[in-house]
Amino acid sequence: MRRGESGEVGSDALDARVPRAPLSATLRAVLPARRAALGVGATAAPSLMFILVGAALGPELLNVLSPRVLLHLDAVVSVALAALGIFVGLELGALTRSGGARPLLLAATTEATITIGVVTAAMFVLLSRWGLPLPMEPGLVAGILGISSCASAAVRFDGPVTPDLAFASRVADIEDVPLIALGAVVVAMASGSLPVVANLLAAIAAGAAVGLAGVLLFERAAGAAERGVFVAGSVVLLGGVAAFLEASPLLTGATAAVVWVRMRGAADQLVRADLRKLQHPLVALLLIVAGASIQLTTAALWIAAPLVLFRLTGKLLASSATAAIARVPAGVLGTVLAPPGIVGVALALNVQQVAGAGETTLVSSVTTAAVASEILAAALLPRSGEAA
Amino acid sequence: VARAGAFALILGTMLFLQQFAPQVGGAPRTAALALGFALVAANLLGGVAERLRLPRLSGYLIFGLICGPYLFNLITAAMARELQIVNGVAIVLIAFVAGLELNVAHLRPQLRAMLVIGSTAIIGTFVVLLGLLWAAWPFMPLPDPGGPIARLAVAAVAAMLVVSFSPTVSIAVIADSRARGPLTELVLAVVVLGDFLLILMFALAMQLARWSTGGAADVNVLPQLAWEIGGSIAFGAIVGALFAFYLKMVARELTLVLLALCVLLAVLTPALHFELVLTALAAGLVVENIAPPEGDQLKVAVERGALPVLIVFFAGAGASLQLDALAVLGWFALAISVIRLLLVRATANLGVRLARLPEMPGNLVWMGLVSQAGVTLGLAAIVAAEFPAWGPAVQTLVLALTGLHVLAGPVIFKAALARAGEIGKLDE
């Protein structure tokens, strides 16, 4: 277990690393601090702020981020997605290298599978019956909604970290791995530019090639400035390769990161150190773009509302099932896993990229649902003493 | 070997992508690919250039040229255009760095000498070229503007474009070589002065061309010039003062703040009809001369921020070089280039003598004035748009000349800095 300076556990602390103040303090005052029962931060989602800022700046309100500007930001979004993939890949690589990963992987996979299964099935039934105008087949849309629902926010601990809490927070980190794998498949299906298998293989091959090039370059750079260029160039290239193939940058990024961890040398540590500087702006930009992409159409709202409920149901069911396997109290797992993570929003953005500009139903519903889920999680989770 | 292996992997990935999925990827989807490829691969070629004792930025340029649309087409014409998104930021950053190197108190004793050299080189070369072009115009593969007066005006515009040099490239070579010393200071001052003169003389030449070709002369030219030059300096000074304040009071995340400042200037300056180089230079001058930064924080921030921007800027410039223009005008462009080179050398050396500066390093100053790049191309585009009868032909000539000078200029200037023993002195 790795505990960060601010009490974050796990390297998927993207959500937690995004600057919190002053919104965090404001939300704490507004929302009931029920998660304090476990010493878990009352709100784990400063992401909310950036999504709302994006929504305010977007075409629906101030139009500072006009559709033309958003189109120009498309390339940066790909890069930010690749950076997210890298962080998840670094975490996965470190986990598998350290040994003893099986229980965690099993728990995360079980939890993710159940959540995705519940949300996908429920949404498929609803979408098939409603006959809403959808950009893709109802099955594919339901799958995308299910997979994006699986992401959980990284956890910020206010109090002492028990082994159960630490395990639950690691599950929240690692469940991004199945999300990225399945997400890459739905992105390939949504794109349709290449056969699905070819798309996936090309993304993995290109990610591995860029990863290998990084291994050869990072430690041999002549100084920090040149290393910064190599690291930044590799991340941009990973995003660019995926954008060119209409594949998942999360997958290319994660693949390269696994190469960096698994190969000899300190490539992974150098990337982690250098990327930390780009992390805040990239993630903030990703969320602002997601917020700006929100179009509150009837279809988006009709999808978002049940999505919030199905996600919470799925998470609670999955927590119960996983608790038995992992021997961790279901209340702890549920509390930690309920708030939504950034990677789910990122996947929706990625699908929007490959589905074509103008298609905003999915990203609108997923982003709106993420905001609503965070508020719901903060409001409904157990009060002091109830969780454990 | 490791670097060669990494280069092969990156190159292989690009070739694989183009072969495997050539039908995929519209224009906006290729921006990140071009940017990432340029950052990694151009930087590697920059390292090779450095080993060959060439400027690193020649490596970036050659990368762009080789991978660009005229040769291997790994960076397509659309990608090359997308790489130029950073142009404004790069120009601002380079000029800002130049401003940071100009300490007025230190330069004051040499100011007169710098003015003499700069004005002699620019005005002298312009006058001789004007005469030559006017006399030789009927024999050149360029359209006849009609009548000796019109020919004089057109020759003035063409001569102005041919004389112009690139402060951006010269300053970038200095930054790239970590150079410091008398030659560096002289060239910096001369290229800055040249930028002033270029704006003034180009505006006047265009006025003459409009009048002589029967168009309506712009009566507001002087107020416009005053706004452009005075406004640029004032705006730059304000931004510089704000940045100096930030340095004193906060001084955190300097690389990001510096890059954000450059983006802001690159967006706002053209919108206000100011001149990019002058604005950014004034900002750097204010920081250096009013509130000089303490410690190495800003230096480190500049190093970290400048390298990727320079790589993309010059790789994009290389990929955008229009080799077809060189093919069209070939020997004719080469002849004009040689004449320009000889004239710049002769007039700069004359200026050194008039200013009574020692021959070493004075006689090397001309080598810092060979480069031409984006500003010249921009001016040529304006000429082509405004004078469709002869402007496009002049633009083609300028494109060909710029192709030659952007490649040769940095090499020649770095050789001069090496001869003056000033390379790497900034780090000592």
Side-chain angles (χ1 to χ4, degrees), chain A residues 71-79 82 191 193-194 198-199 201-202 205-247 249 274 277-278 280-281 353-354 356-357, chain B residues 1-44 46-47 50 56 79 82 85 253 255-256 259-260 299-312:
Chain A
L71 190 67
H72 281 297
L73 287 175
D74 206 41
V76 192
V77 168
S78 297
V79 176
S191 157
S193 58
L194 287 170
N199 183 307
L201 289 178
V210 176
L212 275 175
V215 170
L216 294 171
L217 290 174
F218 298 157
E219 286 187 78
R220 292 170 180 84
E226 191 182 49
R227 195 182 64 232
V229 168
F230 284 140
V231 171
S234 300
V235 178
V236 175
L237 198 54
L238 289 165
V241 162
F244 190 82
L245 288 168
E246 295 192 349
D274 269 23
K277 297 177 189 99
L278 298 173
H280 294 172
Q353 281 185 313
V354 298
Chain B
V1 175
R3 283 174 172 247
F7 187 78
L9 276 167
I10 298 293
L11 199 64
T13 305
M14 289 296 288
L15 289 168
F16 166 75
L17 286 178
Q18 298 219 331
Q19 295 303 313
F20 183 71
Q23 77 283 13
V24 183
R29 301 213 184 286
T30 56
L33 186 66
L35 204 63
F37 180 46
L39 274 172
V40 179
N43 191 36
L44 288 170
E50 196 171 32
R56 282 185 75 93
M79 286 175 167
E82 280 152 17
I85 287 171
E253 297 287 351
T255 306
L256 271 181
L259 288 176
K299 188 180 151 194
V300 172
V302 164
E303 270 177 29
R304 290 191 75 101
L307 187 59
V309 175
L310 286 181
I311 292 169
V312 176

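Residue numbers start from 1 in every chain, and the chains themselves are labelled A, B, ... in the order their sequence lines are given, proteins ahead of strands. Below, all heavy atoms of this structure are taken into account, side chains as well, without hydrogens, waters or symmetry copies.
- Heavy-atom minimum distance, Ala213(A) versus Ala6(B): O-CB, 3.8 Å.
- Of the listed residues (Ile10(B), Asn43(B), Val312(B)), the one with the most heavy-atom contacts under 4.5 Å to chain A is Asn43(B).
- Both the backbone and the side chain of Ala198(A) come within contact range of chain B, judged by heavy atoms closer than 4.5 Å.
- Closest approach of Ala31(B) to Ala75(A), counting heavy atoms only: CB-CB, 3.9 Å.
- Using a cut-off of 4.0 Å between Lys/Arg side-chain N and Asp/Glu carboxylate O, Arg3(B) and Glu219(A) are scored as not salt-bridged.
- Within the 4.5 angstrom heavy-atom criterion, no atom of Ala242(A) approaches chain B.
- A side-chain contact (heavy atoms from CB on, under 4.5 Å) with Val40(B) is found for one member of Val236(A), Val229(A), Val231(A), Leu217(A) and no other, namely Leu217(A).
- To the nearest 0.5 Å, atoms CZ (Phe7(B)) and CG (Leu216(A)) are separated by 13.5 Å.
- Leu44(B) is listed as a side-chain neighbour of Phe230(A), based on a closest heavy-atom distance under 4.5 Å.
- Proximity to chain B involves both the backbone and the side chain of Val241(A), based on heavy atoms less than 4.5 angstrom apart.
- Nearest heavy atom pair, residue Thr13(B) against residue Ala206(A), reads CG2-CB, 4.1 Å.
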